[in-house]
Amino acid sequence: MKLLYQQMLAFFGVIAITLAIFGILMVRSTSNTVWDNSFDQLEEYTDVLTQRAVDQNTYMINAQFIQNSEEILAKQHTRFMIYDATNQARYPQMAQGTRPIATKYWRQLKKGTAVALPELTTNPQTGKQQSLVIYYKPVFLSGKLLFVIAAFAPVDNIQSAINKTEHNLLIAFFFSMLAAVVVSYFLARFQVNRINRLRAATHQVAEGDYDVDVAFPTKAHDEVAALANDFQDMVGSLRASQAEIHRQEERRRQFMADAAHEMRTPLTTINGLLEGLAYDAIPEESKGESITLMRNETKRLIRLVNENLDYEKIRTNQIALNKRTFSAATALQGIASQLHQKAESAGDTLTVQAPDTVTVYADHDRFVQVMFNIIQNAIQFTDHGEITITAKAGYHQTELSVSDTGIGMSADQLKNIWERYYKADPSRKNTKYGESGLGLAIVHQLVTLHGGTIDVTSELGQGTTFTLTFPDEETAPSQAPITHTAK
């Protein structure tokens with residue numbers, strides 16, 4: 001069964017049950033009201049007869065007054081009877097089949113309690129079987145029962161009023177059911193349309209189209225609206241993820257092109273030198289230089305491959321950190337010594353400002369890898385400038401910075417430097433500006449793995465500053481999970 005019909009039946013069932021309960025209560029209420037009004041009316045008649053039809057001093061019955069009253073009430077078919085203190089009928093005296101009041105009711109009357117009986121099957125005046133409503137009222141004088149006045153009438157009039165009320169309610173119920181069908185249809189249609197909208201959007205997303213909008217107005221606060229809003233958030237996340245995938249794929253293609261370009265040159269060089277050696281085309285005095293050149297080009301190829309392998313291992317948490325506390329100054333001085341010649345060739349001044357008392361808690365080899373990449377990056381982008389390396393003890397952490405006076409970066413470059421395959425100047429294919437674009441991505445992942453932080457500030461033409469923190473042994477996590485950044 002379609003959801004439309006399920007919803008329609010549900011709404012219709014609720015409305016129908018509500019109307020049925022309301023109708024039953026109305027019938028019962030109306031019936032009770034009609035019966036109560038009938039008893040109240042008979043009670044009023046007995047009150048009048050108490051004052052006018054019986055002389056309480058002589059106990060004489062004014063039969064003419066009673067007869068006149070019955071004639072006035074002829075259309076209501078109301079009749080009266082009067083019983084004395086011995087339960088004998090005093091009016092009408094000549095009625096055949098007159099019976100005394102039943103003993104159980106007579107006891108109540110003697111106690112001064114009026115008795116109202118609906119739908120009696122025996123007429124107290126004629127003794128015939130008949131549906132009646134009857135009201136007995138006792139009259140006392142000085143605490144002594146004088147007589148009992150009975151007023152009774154057929155229930156036909158009462159039942160007729162009840163039947164008419166039931167008939168009107170039945171008609172109202174019928175038209176209400178028709179209205180309920182219409183209302184149920186539109187309510188169900190409204191709900192199903194919203195679900196169909198979500199269904200169509202889901203199909204659209206399944207086809208790969210994320211340009212959908214299913215968010216409902218803010219005034220809608222039900223579960224379907226909440227589902228639509230969550231779905232819209234999911235589509236937004238998928239759209240962002242899809243854009244990120246495309247962006248990373250473009251960077252991967254660019255990296256493959258760059259890597260192929262970078263590898264082609266050393267491979268061509270190595271191949272040419274090998275052919276020269278094979279055919280003795282290289283003079284004997286140049287063979288040593290050729291071998292050295294081939295070794296350098298081979299190392300360059302190995303470095304390109306290792307950077308990719310390192311990044312994947314770090315990204316997937318496949319490396320284990322061997323953390324220990326060591327001197328930050330000693331490690332930084334060692335890195336500066338390794339890069340001194342490279343800095344000198346670029347005309348750069350390399351300065352280390354680190355007190356001997358400053359220590360760092362990290363994996364020594366990975367720490368050296370991080371700082372080496374950052375300092376080497378500063379040298380590559382600085383020409384005849386200054387590079388300053390500082391280290392100091394912070395609150396439960398070691399704070400380091402690498403500042404240069406190089407070319408700096410724009411805001412767009414700055415927000416992308418941690419992404420893999422990104423190169424600050426992709427138009428330049430030489431090694432001066434990086435070979436793979438993975439160096440800073442590896443740095444960011446390694447610092448995160450240590451539970452530290454790394455920030456960068458830069459301004460075009462003014463230089464760049466990298467600021468790093470490594471937590472001490474007391475606060476450092478055993479190995480922090482890698483958080484991938486998507487710009």
Notebook entry, point to check: Minimum heavy-atom separation for Leu339 to Gln376, with atom names?
Noted result: CD1-N, 3.9 Å
Margin query: Tell me if the centroids of the rings in Phe326 and Phe367 come within less than 6.0 Å of each other.
Written below: yes
Note to self: Counting only heavy atoms from other residues, nucleotides and ligands, does the tally under 6.0 Å from CD of Glu249 exceed 12?
What the structure shows: yes
Notebook entry, point to check: Do Thr390 and Ser401 get their side chains close enough for a donor-acceptor pair, meaning under 3.5 Å?
Noted result: yes
Note to self: For a 4.5 angstrom cut-off between non-hydrogen side-chain atoms, does Val456 reach Leu414?
What the structure shows: yes
Next item on the list: For His246 and Glu250, test the side chains for any donor-to-acceptor distance below 3.5 angstrom and give the result as yes or no.
Entry: no
Checklist line | Closest non-hydrogen atom pair, Ala172 against Ser176 | finding: O-OG, 2.6 Å
Margin query: On a heavy-atom basis, which atom in His77 and which in Pro154 lie closest, and how many Å separate them?
Written below: O-CD, 3.1 Å
Next item on the list: Give a yes or no on this: more than 12 heavy atoms of other residues, nucleotides or ligands lie within 6.0 Å of atom CZ of Arg295.
Entry: no
Margin query: Would you compute the distance between atom CD of Gln232 and atom CG of Leu198 and round it to the nearest 0.5 angstrom?
Written below: 10.0 Å
Note to self: Walk me through whether Lys392 and Gln353 qualify under side-chain contact (heavy atoms from CB on, under 4.5 Å).
What the structure shows: CA-CA 9 Å; Lys392 63 180 181 178; Gln353 299 176 355; over 6 Å; no
Note to self: As an exercise, state the distance from CE of Met294 to CD1 of Ile291, rounded to the nearest 0.5 Å.
What the structure shows: 5.5 Å
Check: Is there side-chain contact between Leu468 and Ile374, with heavy atoms separated by less than 4.5 Å?
Finding: yes
Check: Does the side-chain contact (heavy atoms from CB on, under 4.5 Å) test come out yes or no for Ile375 and Leu350, once each step is laid out?
Finding: CA-CA 9 Å; Ile375 298 171; Leu350 202 60; 4.0 Å; yes
Checklist line | Separation between CG of Asp363 and CZ of Phe470, rounded to the nearest 0.5 Å | finding: 10.0 Å
Check: Which heavy atom of Ala153 sits nearest a heavy atom of Gln76, and at what distance?
Finding: CB-O, 3.9 Å
Margin query: With a 3.5 Å distance limit and no angle check, can you tell me whether Ser286 reaches the backbone of Ile282 through a side-chain donor-acceptor pair?
Written below: no
Note to self: Counting only heavy atoms not in Glu284 (residues, nucleotides, ligands), do more than 12 fall under 6.0 Å from its CD?
What the structure shows: no
Item checked: Minimum side-chain heavy-atom gap Ile387-Thr351 below 4.5 Å -> no
Note to self: I'd like to know whether Phe231 forms a side-chain contact (heavy atoms from CB on, under 4.5 Å) with Val205, so could you lay out the CA-CA distance, the side-chain angles of the two residues, the decisive distance to 0.1 Å, and finally the verdict.
What the structure shows: CA-CA 10 Å; Phe231 184 86; Val205 171; 4.0 Å; yes
Notebook entry, point to check: Does atom CD of Gln338 have more than 12 heavy-atom neighbours, drawn from other residues, nucleotides or ligands, at distances under 6.0 Å?
Noted result: yes
Notebook entry, point to check: Just checking, any donor-acceptor pair under 3.5 angstrom between side chains of Gln369 and Arg366?
Noted result: yes
Notebook entry, point to check: About how many Å separate CG of Leu446 and CG of Asn373, when rounded to the nearest 0.5 Å?
Noted result: 8.5 Å
Margin query: Quick check: do Ile335 and Val368 have side-chain heavy atoms less than 4.5 Å from each other?
Written below: yes
Next item on the list: Starting at OG of Ser327, measure out to NE2 of His364 and round the result to the nearest 0.5 Å.
Entry: 9.0 Å
Note to self: So does Lys342 get a backbone contact from the side chain of Ser345, meaning a donor-acceptor N/O pair under 3.5 Å?
What the structure shows: yes
Next item on the list: Report the C-alpha separation of Arg324 and Glu473 in whole Å, then their side-chain angles, then the decisive distance to 0.1 Å, and conclude whether the side-chain contact (heavy atoms from CB on, under 4.5 Å) test is met.
Entry: CA-CA 8 Å; Arg324 60 185 179 87; Glu473 187 173 0; over 6 Å; no
Next item on the list: Would you kindly say whether Thr469 and Thr453 are connected by a side-chain donor-acceptor distance under 3.5 Å?
Entry: yes
Check: Thr405 and Gly385: which non-hydrogen atoms are nearest, and at how many Å?
Finding: OG1-CA, 3.4 Å
Check: Quick check: are there more than 12 heavy atoms from other residues, nucleotides or ligands sitting under 6.0 Å from NZ of Lys287?
Finding: yes
Note to self: Rounded to the nearest 0.5 Å, what separates atom OH in Tyr135 from atom CG in Leu42?
What the structure shows: 9.0 Å
Next item on the list: Using modelled atom types only, decide if a donor and an acceptor are shared between the side chain of Ser403 and the backbone of Ile389 within a distance under 3.5 Å.
Entry: no
Margin query: For a 4.5 angstrom cut-off between non-hydrogen side-chain atoms, does Ser410 reach Gln413?
Written below: yes
Notebook entry, point to check: Got Phe466 and Leu400 here, is their nearest side-chain heavy-atom distance under 4.5 Å?
Noted result: no
Check: With distance as the sole test, does Asp404 use its side chain to make a donor-acceptor pair with the main-chain N or O of Thr382 at under 3.5 Å?
Finding: no
Checklist line | Asp230 and Met234, any side-chain heavy atoms less than 4.5 Å apart | finding: no
Margin query: Can you confirm whether the side chains of Gln397 and Glu399 place a donor and an acceptor under 3.5 Å from each other?
Written below: yes
Notebook entry, point to check: Any side-chain heavy atom of Thr398 sitting closer than 4.5 Å to one from Val358?
Noted result: yes
Notebook entry, point to check: Can you name the nearest heavy-atom pair linking Ala354 to Leu332, along with the distance?
Noted result: CB-CD1, 4.3 Å
Check: How about His203: does its NE2 atom have over 12 heavy atoms from other parts shown lying under 6.0 Å from it?
Finding: no
